[in-house]
Each structure stands twice: as structure tokens, then as C-alpha cells.
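Data block below; observations after.
All residue numbers refer to positions in the sequence shown, counting from 1. Values below: all heavy atoms of this structure, side chains included; hydrogens, waters and symmetry mates excluded.
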Amino acid sequence: MADDKGQNQVDIDLIEMVQRARMMHDAEARPSDYASVYWIEAKRGTGDNPAPTAHAGEWRARLTVATIDTVWEMVKRATVAGNLGYKSKVSTRPAAGQADPDERLLCARTYDARDSADVARVKRALLDLGLRDLKYVADKTG
């Protein structure tokens, strides 16, 4: 958008409206039903939660098309309830060049990879949900 001087300004209200609409869609979406968007996301409910830092990271689990809807429903509920990190997401289609077309990626984001207690807490919660072969990837090292 442009202001009176013709300069570009970010319309925060519009961005927030689009994000709310996306989250409403994602709240009901099943990964196996969509391929038009690559990720479906769930965010932690409101509360006293730390905001993600520049050192955020994620636990990754590779799943199959046969299990993705069931697992995503459990992870989505756990995320909204505050039992995981600040956000979780799941792929709805294979990545470009992916060897196995039936593989999907599930990620549970943590707010700061340097907080080893929180990273371990999220891992334990994912293991309790039945996920295995988890891999942690930090956004940034150092």
C-alpha cells in the first residue's frame, strides 16, 4: 500500500487477517487432502510462552502418507495445548526431488535451540505421542 507521499507501507492489519484465515483453514485441514499448499501449521495457544528467537530449531520426523493424518491430528492437538513448541507443521506433498513420493515431513518448532531443557521437553512429548527416529535441526548455530 502507498501512503500520502507515495511510499510503500506494510499493511499489518491485512497481513494479520490473512494469517488468521490461514490458521482457520489449517485447523481443519488434513494433510492427505491438500497439495496446493506445501505446509499445514498449528500454533501454540495463547499464554505465557517464549517468542521464537533467531536461534529457533525443530524436531523432524519423516512419516508416510498412510500415517500422516492420524499423527498430524495428535501433534496438532499437542501443539495447540502447549505441550510442544511454539508451532508445528506438516508437509502435504513430497518435496522437489524427494526419492520417496509417499514420505511426508512433520516438524515441531522450538523457540530456541540453545535451551536444551525445552528442546528435550519437546522431544519427550513427541516420543510420548509415538514418534520415533527424530532429528533436531537448529536454524542457526552459535
Side-chain angles (χ1 to χ4, degrees), residues 1-3 5 7-142:
M1 295 189 80
D3 64 11
K5 298 175 186 170
Q7 296 173 332
N8 289 332
Q9 289 185 349
V10 175
D11 189 335
I12 299 298
D13 291 335
L14 178 60
I15 291 169
E16 288 176 353
M17 182 180 74
V18 169
Q19 287 175 339
R20 279 192 306 274
R22 170 74 191 270
M23 292 313 296
M24 286 173 53
H25 168 270
D26 286 1
E28 301 300 321
R30 292 174 0 136
S32 64
D33 291 341
Y34 291 91
S36 59
V37 293
Y38 187 71
W39 294 109
I40 296 174
E41 299 180 350
K43 292 185 179 179
R44 178 182 268 182
T46 60
D48 187 21
N49 305 308
T53 71
H55 297 277
E58 63 191 21
W59 283 106
R60 294 180 179 175
R62 299 198 178 282
L63 303 170
T64 65
V65 170
T67 63
I68 196 66
D69 288 340
T70 303
V71 173
W72 173 243
E73 191 60 35
M74 291 187 307
V75 169
K76 177 174 62 173
R77 279 194 216 121
T79 302
V80 172
N83 299 329
L84 295 176
Y86 72 92
K87 175 171 82 171
S88 295
K89 60 186 184 177
V90 63
S91 64
T92 62
R93 64 178 185 250
Q98 183 174 309
D100 183 353
D102 290 331
E103 184 179 270
R104 298 295 181 268
L105 183 62
L106 183 132
C107 304
R109 304 279 302 159
T110 64
Y111 83 100
D112 194 315
R114 300 170 300 178
D115 184 341
S116 58
D118 187 63
V119 171
R121 179 192 64 79
V122 174
K123 180 181 184 181
R124 171 57 34 210
L126 291 167
L127 291 169
D128 289 348
L129 290 173
L131 286 127
R132 300 291 180 260
D133 300 320
L134 298 169
K135 178 182 178 184
Y136 192 79
V137 178
D139 292 352
K140 185 182 209 181
T141 57

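For the atom pair D100 CG and T64 OG1, the distance stands at 8.5 Å (nearest 0.5 Å). Atom CG of L105 is separated from atom CD of E58 by 7.0 Å, given to the nearest 0.5 angstrom.
A salt bridge (Lys or Arg N to Asp or Glu O under 4.0 Å) check over residues 79-96, counting only residues at least two apart or in different chains, returns the pairs E41-K87. Note on residues 56-76: pairs passing ring pair (Phe, Tyr, Trp, His ring centres under 6.0 Å), not counting sequence neighbours, are W59-Y136. The side chain to side chain donor-acceptor pair (under 3.5 Å) analysis of residues 119-129, with sequence neighbours excluded, yields the pairs D118-R121, R124-D128.
Between the side chain of T79 and the backbone N or O of G85 there is no donor-acceptor pair closer than 3.5 Å.
With sequence neighbours left out, the salt bridge (charged side-chain N to carboxylate O under 4.0 Å, His left out) criterion links E103 to R62. Judged as a side chain to side chain contact (heavy atoms under 4.5 Å, CB included), and not counting sequence neighbours, the contacts of A125 are L84. Evaluation of the salt bridge (charged side-chain N to carboxylate O under 4.0 Å, His left out) rule for D115 yields no partner, not counting sequence neighbours.
Between R104 and V65 the shortest side-chain heavy-atom distance falls below 4.5 Å. D139 is not listed as a side-chain neighbour of H55, based on a closest heavy-atom distance of 4.5 Å or more. Looking at I68 and V90, their side chains come closer than 4.5 Å, going by heavy atoms from C-beta outward.
Around CG of D133, the count of heavy atoms belonging to other residues, nucleotides or ligands within 6.0 Å does not exceed 12.
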